[in-house]
Amino acid sequence: MSTQEETSLNFIEQIIEEDLKNGKHNKVVTRFPPEPNGYLHIGHSKAICINFSMAQKYGGKTNLRFDDTNPVKEDTSYVNAIQKDIEWLGFEWDAEPLYASDYFGKLYNYAAFLIKKGLAYVDDSTQEEIRAMRGVPTKPGTESPYRNRSVEENLQLFEQMKNGDFEEGEKVLRAKVDMSSPNMHMRDPVIYRILKAHHHRTGDEWCIYPMYDFAHGVSDSIEGITHSLCSLEFEHHRPFYEWLNKQLEIYEPQQIEFARLNLNYTIMSKRKLLQLVEEGVVNGWDDPRMPTLSGMRRLGYTPEAIRNFIDRVGVAKRENIIDIALLEFCVREHLNKITPRVMGVLDPVKLVITNYPDDQVEQMTAINNPEDPEGGSRTLPFSKDLYIERADFMEDPPKKYFRLGPGRMVRLKNAYIIECNDFVKDEATGEITEIHCTYIPNSRSGEDISGLKVKGTIHWVSIPHAIEVETRMYDRLFNDENPDGHKDEEGNSISFMEFLNPDSLHVQKAYVEPSLASAIAGDRVQFMRKGYFCVDPDSTTDHLIFNKTVGLRDSWAKKQKK
RNA sequence: UGUCUCAUGGUGUAAUGGGUAGCAUGGAGGACUUUGACUCCUUCGGUUUGGGUUCGAAUCCCAAUGAGGCAUCCA
């Protein structure tokens, strides 16, 4: 940890430190305001980490506030999933979760206050008329014919809206700001609309609901948020945010925007993720291929790895597309430290040790995790009949191949050195069906006095002791770096669905060492020489399922490709 | 042809008028290895362009260029 790292602040930290120094604030209060209309994804984890860690770092607190102002899209199931994901990531919000809907009463009164100040009016125009009058960014809009209703009439109408006297779409409440503003969001934004929908928390108490711009700014103010940290897309909402609290004559928090996280080979839009779920492209929000936190959790990612990743990615205002390789690096980095090493053969071929006694079984000692001195060891049964990885034998290997081939020697990890004498091949298919070897009796791991040096070490399982399991080998969901960013010749955007990877999931049978018999959902291991795996919740005691979290780096495979 | 924001190696981020422009990832090469993993070492690669201010500019100013955002009764 160098001093340079300690003094290197991102632009938000600089603002906060300045505010603290000059006495604008003496504490930091942030908030994370998800809309409960979908699951949290890796992009949200950036917003979560930033908001929570700023408060943590500067001794403040963070509110979790559900921005539940659109009852037609929102649901309690999402509320629960979101809370679970934030907790899993390792953050604690202040006290109880909050809801924008808690403030519906206050919000109504603030809206009435705006009306009394002559700064809001009820508009009878249709949605289309309002859109038309708003104009375009390059030209001013025109004022609504209802813009100059009297305060009394507006108050009366607004109350009638609340009482359900009008139908959906018949009337809205608009802030009276500036129809000629170059900022579209200042052209009398709608702040209340009629929605005769059942709300997941307030039920049928209300039939008018505040819009984001109104509810969010006021909620921040009510909660005394000092720094309202959000993504760049809300930049042009800031003028209204500031206008609103000023006109309401209430506490004015400061909104600061940062660039959201983008990952290549991934889509991040909640709407599109929902589409993947609804069309059955994936098996739910927590499908391990999804970039959702619940999906990543199921895949075997750790919260530490994700937080670390967000840390490395940094915070700035420029648009960015992060290489998924960085995320995978962070996952490997953490898993390398914490996972026990076990042996599992994913694509088996039988190997017989011809000079090993038929019924003999030896217990071999294996270190659980060489990275963890406290990790201890276990024993592994060894016998005459083994499975090894099909890729660890070649009939006619190149010089630099360190594994098995006719006449070649390798070390069986934690066991003996063996030499290949023969193999059986199915001439019809060309497939190797059996490999025959002899073992060197005095080469046993830990007591090797054979004096032999071999270049390669391979993993194995004893056939009579092995457990058959299912492995789910996941790959990226999309083949394209930017699945959501393509247009055809006419300039129409091409659906991200066109870039789905047809091989994003391979289910296959594998054989693993018997120590895994007691594995339970969520357990993480490293199958030596293959990758990190996590036990899927679909597992039962007699049918274990391992999800491939991420493979080990494989410089041999890389070399092969060239 | 309005307005806002942004511009540093392939990617991401630091340097806040005075460092040979740093770090991470990535690529290449090598050492080590009972995981072709891990670890370690070497190496590749960058200030968008043009003006200006200054003794001195990645940093300040202007312009150009490029990228992204902006009309939902979504958040």
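Letters go in sequence order (proteins before strands), and every chain restarts at 1.
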Identity of whatever pairs with B/A28 - Watson-Crick or G-U, under 3.5 angstrom:
B/U42

C1' spacing across the pair B/G19 / B/A75, given as an integer number of angstrom
46 Å

How is A/P33 classified with respect to the nucleic acid when contacts are heavy atoms under 4.0 Å: base, sugar-phosphate, or nothing?
nothing

Report yes if the distance between the aromatic ring centroids of A/Y209 and A/F104 is under 6.0 Å, otherwise no.
yes

A/S555 near the nucleic acid: base, sugar-phosphate alone, or nothing, with a heavy-atom cut-off under 4.0 Å?
sugar-phosphate

When the distance from CZ of A/R31 to P of B/A75 is rounded to whole Å, what number comes out?
15 Å

Is B/A57 paired to anything, Watson-Crick or G-U wobble with both distances less than 3.5 Å, and if yes, which nucleotide?
none

When you measure from the centre of the six-membered ring of A/Y265, is the NZ or CZ of A/R476 closer than 6.0 Å and no more than 45° off the axis?
yes

Run the salt bridge (Lys or Arg N to Asp or Glu O under 4.0 Å) check on A/E389 and A/R529 step by step: do they pass?
CA-CA 10 Å; A/E389 212 69 56; A/R529 304 208 303 134; over 6 Å; no

Is A/F329 touching bases, backbone alone, or none of the nucleic acid, heavy atoms closer than 4.0 Å?
sugar-phosphate

C1' atom, B/A58 versus B/U47: distance in rounded Å?
5 Å

Which of B/U72, B/A75, B/G68 is nearest the side chain of A/E74? It is B/A75

Name the nucleic acid region contacted by A/E257, choosing base, sugar-phosphate or nothing; use a 4.0 angstrom heavy-atom cut-off, strictly under.
nothing

May I ask you to say what A/F258 touches in the nucleic acid, namely base, sugar-phosphate or nothing, with a heavy-atom cut-off under 4.0 Å?
nothing

Considering every strand and a 4.0 Å limit on heavy-atom distances, what is the contact class for A/S125: base, sugar-phosphate, or nothing?
base

Whether A/W556 stacks on the six-membered ring of B/G36 base, 5.5 Å and 30° limits:
yes

Without decimals, in angstroms, what is the distance between A/I367 CD1 and B/U34 P?
14 Å

Given the P atoms of B/G29 and B/G69, what is the spacing between them in whole Å?
39 Å

Do A/R134 and B/U72 share a donor-acceptor pair, side chain to base, under 3.5 Å?
no

Suppose we define a pair by two distances each less than 3.5 Å, Watson-Crick or G-U wobble; what does B/C74 pair with here?
none

Take atom P in B/G50 and the same atom in B/U59, then report the distance between them in whole Å.
13 Å

Heavy atoms only, 4.0 Å cut-off, all strands: where does A/N320 land among base, sugar-phosphate and nothing?
sugar-phosphate

What nucleotide, of B/G26, B/G12, B/C74, holds the atom closest to the side chain of A/A325?
B/G26

Do we get A/K548 above A/F533's six-membered ring, with its NZ or CZ under 6.0 Å from the centre and within 45° of the axis?
no

Paired with B/G12 by Watson-Crick or G-U wobble geometry, both distances under 3.5 Å: which nucleotide is it?
B/C23

Expressed in whole Å, how much space separates the P atoms belonging to B/G46 and B/A21?
12 Å

Contact class for A/D554 (heavy atom, under 4.0 Å): base, sugar-phosphate, or nothing?
sugar-phosphate

Between A/Y212 and A/H216 (judged by ring centroids, cut-off 6.0 Å), do the two rings come close enough to count as a pair?
yes

How is A/Y209 classified with respect to the nucleic acid when contacts are heavy atoms under 4.0 Å: base, sugar-phosphate, or nothing?
nothing

Can you find a donor-acceptor pair, distance only, under 3.5 Å between A/T457 side chain and B/U35 base?
no

Side-chain-base donor-acceptor pair under 3.5 Å for A/Q127 and B/U72:
no

A/R318 side-chain proximity, nearest of B/A14, B/G69, B/A75:
B/A14

Partner nucleotide of B/C6 by Watson-Crick or wobble geometry (both distances under 3.5 Å)
B/G66

In whole Å, what is the span from the CZ atom of A/R271 to the P atom of B/U72?
14 Å

Taking the side chain of A/M211 as its heavy atoms from C-beta onward, which of B/C73, B/A37, B/U34 lies nearest to it?
B/C73

Ignoring the backbone of A/R341, work out which of B/A75, B/U35, B/A71 is nearest its side chain.
B/U35

Rounding to the closest angstrom, what is the interatomic distance between B/G18 and B/C60 at atom P?
12 Å

Heavy atoms from C-beta onward define the side chain here; which of B/C74, B/U34, B/C6 lies closest to that of A/K317?
B/C6

Among A/E233, A/E319, A/H44, find the one that has a side-chain hydrogen bond (donor to acceptor under 3.5 Å, both in side chains) with A/R260.
A/E233

Any cation-pi pair here, A/K162 with A/Y108, using under 6.0 Å and within 45°?
yes

Establish whether the base of B/U35 is bridged to the side chain of A/R529 by a donor-acceptor pair shorter than 3.5 Å.
no

Base, sugar-phosphate, or nothing for A/R411, non-hydrogen atoms under 4.0 angstrom?
base

Identify whether any heavy atom of A/R332 sits under 4.0 Å from a base atom; if not, whether one sits that close to sugar-phosphate; answer base, sugar-phosphate or nothing.
nothing

Please report the distance separating the C1' of B/G27 from the corresponding atom of B/G45, rounded so that it comes out in whole Å.
9 Å

Could you check whether any side-chain heavy atom of A/N308 comes within less than 4.5 Å of a side-chain heavy atom of A/E333, counting everything from C-beta outward?
yes

From the options B/U25, B/G2, B/C74, select the nucleotide whose nearest atom is closest to the side chain of A/L326.
B/U25

Does B/U35 pair with anything, Watson-Crick or G-U wobble, both distances under 3.5 Å, and if so, with which nucleotide?
none

With a distance cut-off below 6.0 Å to the six-membered ring centre and an angular limit of 45° from the axis, does A/R201 pair with A/Y99 as a cation-pi contact?
yes

Inter-nucleotide P distance (B/G26, B/A37), Å rounded
13 Å

Which one, B/U5, B/U35, B/U72, comes nearest to the side chain of A/E235?
B/U5

Measuring from the side chain of A/E371 (C-beta onward, heavy atoms only), which nucleotide among B/A37, B/G36, B/U25 has the closest atom?
B/A37

Using a heavy-atom cut-off of under 4.0 Å over every strand shown, decide if A/V313 touches base, sugar-phosphate, or nothing.
sugar-phosphate

Quiz question: going by heavy-atom distance under 3.5 Å, is there a donor-acceptor pair between the base of B/A75 and the side chain of A/H237?
yes

Over all strands shown, is A/S181 touching base, sugar-phosphate only, or nothing at heavy-atom distances under 4.0 angstrom?
nothing

